[in-house]
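In the text below, chain A, chain B and the rest are named by the order of the sequence lines, each starting its count at 1. What you see is a predicted model, and the numbers here were worked out from it, not measured in a lab.
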There are 2 protein chains.
Amino acid sequence: MESKPNIQDVANLANVSIATVSRVINNQGGVRKVTEERILKAIKELGYIRSAAARTMKLKETNTIGVIVPDIKNPFFPLVMAGIEQKAREKEYFTILSSTNESPKIEEEIVKNFIERGVDGVIITTANENGDHLKLLEEQGIPVVAVDRSIKKLEVDTVLVDNKKGAYQAVQQLILQGHEKISIICGPLNTTPGLERYLGYQQALADYKIDLDDRYVIQGDFGEQSGYQCTEKLFGLDEKPTAIFSSNNMMTIGCMKALEDLNWRLGSEVSFIGFDDVDIATFLNPKLSVVARPMNSIGEIAFLLLHERIGLKGNLPKREYSLAPELKIRQSCRLVNQTF
Amino acid sequence: MESKPNIQDVANLANVSIATVSRVINNQGGVRKVTEERILKAIKELGYIRSAAARTMKLKETNTIGVIVPDIKNPFFPLVMAGIEQKAREKEYFTILSSTNESPKIEEEIVKNFIERGVDGVIITTANENGDHLKLLEEQGIPVVAVDRSIKKLEVDTVLVDNKKGAYQAVQQLILQGHEKISIICGPLNTTPGLERYLGYQQALADYKIDLDDRYVIQGDFGEQSGYQCTEKLFGLDEKPTAIFSSNNMMTIGCMKALEDLNWRLGSEVSFIGFDDVDIATFLNPKLSVVARPMNSIGEIAFLLLHERIGLKGNLPKREYSLAPELKIRQSCRLVNQTF
DNA sequence: TTGAAAGCGCTAACAA
DNA sequence: TTGTTAGCGCTTTCAA
């Protein structure tokens, strides 16, 4: 085939008008059986595939949703993505994914590009919760669902896990085992998960009348490297913590690497709970206790919320969906009196 | 803003013709400074964003490439994807990603959808190496680059790792340590990586005059579950293997879980090397030896090859790029006489 | 430096 | 049951 055939080519070959071809392509009925077959044959013969661009121009809808994540290499997001895709496919929606690398600038480009492409909706874990750069979406009337991180300046549906509760439970568990010198490796406090997990930590300490010690609150950036470095810092403290709570999966991995390199013995010398389950959790010795999140459900719910909005075009109130995390106690947290 | 503004709205507001607006949007010059500013102001005021659909219709290019992977949950692919995206962004290309779940049927739908959308090229790890369903792409003159798995019925550029060599080195290592009862957990033999890794295994045994024992050749499907089950089967053998080579990352994880559940002691009772590095590798005790692949480079090269083709439209000969894997020897393979 | 107008491939309203 | 035709929003040629 030389250049791509269009609907006119099909019509010519089948000896009908383009309107009739269109009817067949879109299964609208009202076409005589024989005619339809002739058209189908022509389509096959030419290898005709309709142009989404032309179609979009008429219909103003693409049946496509855009997904924006900050770091495709963080396994959390592919898992959420899988949930989104699954539901999307059921509703005959198509999904396109882009990763911002945590850069608000790239995120803005992607948003603009998604709008150009006419996505019907966007699911986003933003690199900048402030949300100014997302105003564009609002202006265009494109529904947005925020996942994992909320968006300040935008009234959008949000799917979160109860971060505070998850962190609270983890720290509570450590406290109940007798720990008092409990450190938190924080995520960025200008992100929802970073802040809320810190708040959970704080709350747990307060509820059990343990003074918050600034030396034990240490600032990471959700990256593996920073988990490593934070752990090193904690190890360098005169009075080392007896327990560590890590605010996300990547930092947990970095933390584990550091523990090993520092020969700081997990479980016996330092108890540990991390936010988010990780592959390595059950392979470590002792096995890692974690706060687990239902990634697949998060994705599914995000799509469902978005889909409702796309259907309506009207004004649903802003909805917030909060899923319960699950504390999985394995072996990496020990009674403190077993520590020495 | 009520409904999306178009180029005409901008032209009206700025009191010029749409042609002039178009010139400004596309930085074509030849517009008086003041006029340009007026137009820019109008664009900002209206929040105008040009329609990709309309643009594509005229230009027949989208500056978009499609990426198709079989399983977005396998960390290998996000890593490759990161390499692709990085290079793509440099060349101002945009990337859309879809996952087939290893279903050729879904893959076909995605391909069709990508064509409808007018992607300028496709990078694919196909769920069906036969490739009949990809003929469409060829017919439409859309360049394709195959990654990790080649495509039989299509003349396309391919980026592979030297699977056979990687497997060979792994098995050789085991042999040199004195192992003779070496098992392979195969991937599907109708896939390039599945087959080639098996061939490497076979070759190594042959070169070292070790008879291939069918009981030790066991068939998995690249999934975690199957890694688990295969390991169970091996454990059930009267004469257990003293070493296992696993053909991919997910099966390696399943295998490790099984080893633990079976209390089959890694390193001491059974040596192990896996294809593909995994997060858990360095956390296991002993640490896992693996054949590692340069995922990021694979992605980068795939995009570069594709980009060349998109530029040319002409007939480059089919190219095959084979990257060298790296055998990372850690601790999970031991001299066989240390085994007992 | 600017504008008028054709046409990209499609859908759908209207006509036959 | 089928065909004619008007746009959708844009780029680009040609003319002014």
To the nearest 0.5 angstrom, please state how far the OG1 atom of A:T100 sits from the CD1 atom of A:I72.
->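 Result: 11.0 Å between the selected atoms.
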
Flag if over 12 foreign heavy atoms under 6.0 Å of NZ, B:K33 =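 Counting neighbours around NZ of B:K33, 12 or fewer heavy atoms of other residues, nucleotides or ligands fall under 6.0 Å, so no.
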
Check whether the side chains of A:S150 and A:T192 place a donor and an acceptor atom closer than 3.5 Å, and report yes or no.
->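 On atom types as modelled, these side chains qualify, holding a pair under 3.5 Å.
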
Do the non-hydrogen side-chain atoms of B:E85 and A:S98 ever get within less than 4.5 Å of each other?
->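 B:E85 reaches A:S98 side chain to side chain.
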
Check the distance between C:dA4's P and B:N12's CG and give it to me in whole angstrom.
->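 It works out to 11 Å between those atoms.
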
Figure out the CD1/P separation between B:I39 and D:dT11, and round it to whole Å.
->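 Rounding to the nearest Å, CD1 of B:I39 and P of D:dT11 are 13 Å apart.
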
In this structure, which one of A:V145, A:L304, A:V144 forms a side chain to side chain contact (heavy atoms under 4.5 Å, CB included) with A:D157?
->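 The residue from A:V145, A:L304, A:V144 that satisfies side chain to side chain contact (heavy atoms under 4.5 Å, CB included) with A:D157 turns out to be A:V145.
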
Criterion side chain to side chain donor-acceptor pair (under 3.5 Å) against B:T126, the qualifying member of B:R149, B:E102, B:E107 =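 Of the listed options, the one satisfying the test is B:E107.
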
A correct 5'-to-3' footprint of nucleotides 8-16 of chain C, with B, S and - meaning base, sugar-phosphate only and no protein heavy atom under 4.0 Å, is BBBBBB---

Can you tell me if A:N113 uses its side chain to pair, donor with acceptor, with the backbone of A:E109 under 3.5 Å?
->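 No, because the side chain of A:N113 does not come within donor-acceptor range (under 3.5 Å) of the backbone of A:E109.
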
Verify the contact: side-chain N or O of B:T35 to OP1 or OP2 of C:dT2, cut-off strictly under 4.0 Å; return yes or no.
->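 True: B:T35 side-chain N/O within range (under 4.0 Å) of C:dT2 OP1/OP2.
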
Can you check whether A:S17 has a side-chain N or O nearer than 4.0 Å to OP1 or OP2 of D:dT4?
->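 Checking A:S17 against D:dT4: no side-chain N or O falls below 4.0 Å of OP1 or OP2.
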
Which angle, rounded to 10°, do you find between the first-five-pair axis and the last-five-pair axis of the helix from C:dT1-D:dA16 to C:dA16-D:dT1?
->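 For the helix from C:dT1-D:dA16 to C:dA16-D:dT1, the axes at either end differ by 40°.
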
Before giving the answer on side-chain hydrogen bond (donor to acceptor under 3.5 Å, both in side chains), spell out for A:R55 and A:N63 the whole-Å C-alpha distance, their side-chain angles and the decisive distance to 0.1 Å.
-> CA-CA 11 Å; A:R55 186 155 210 270; A:N63 259 258; over 6 Å; no

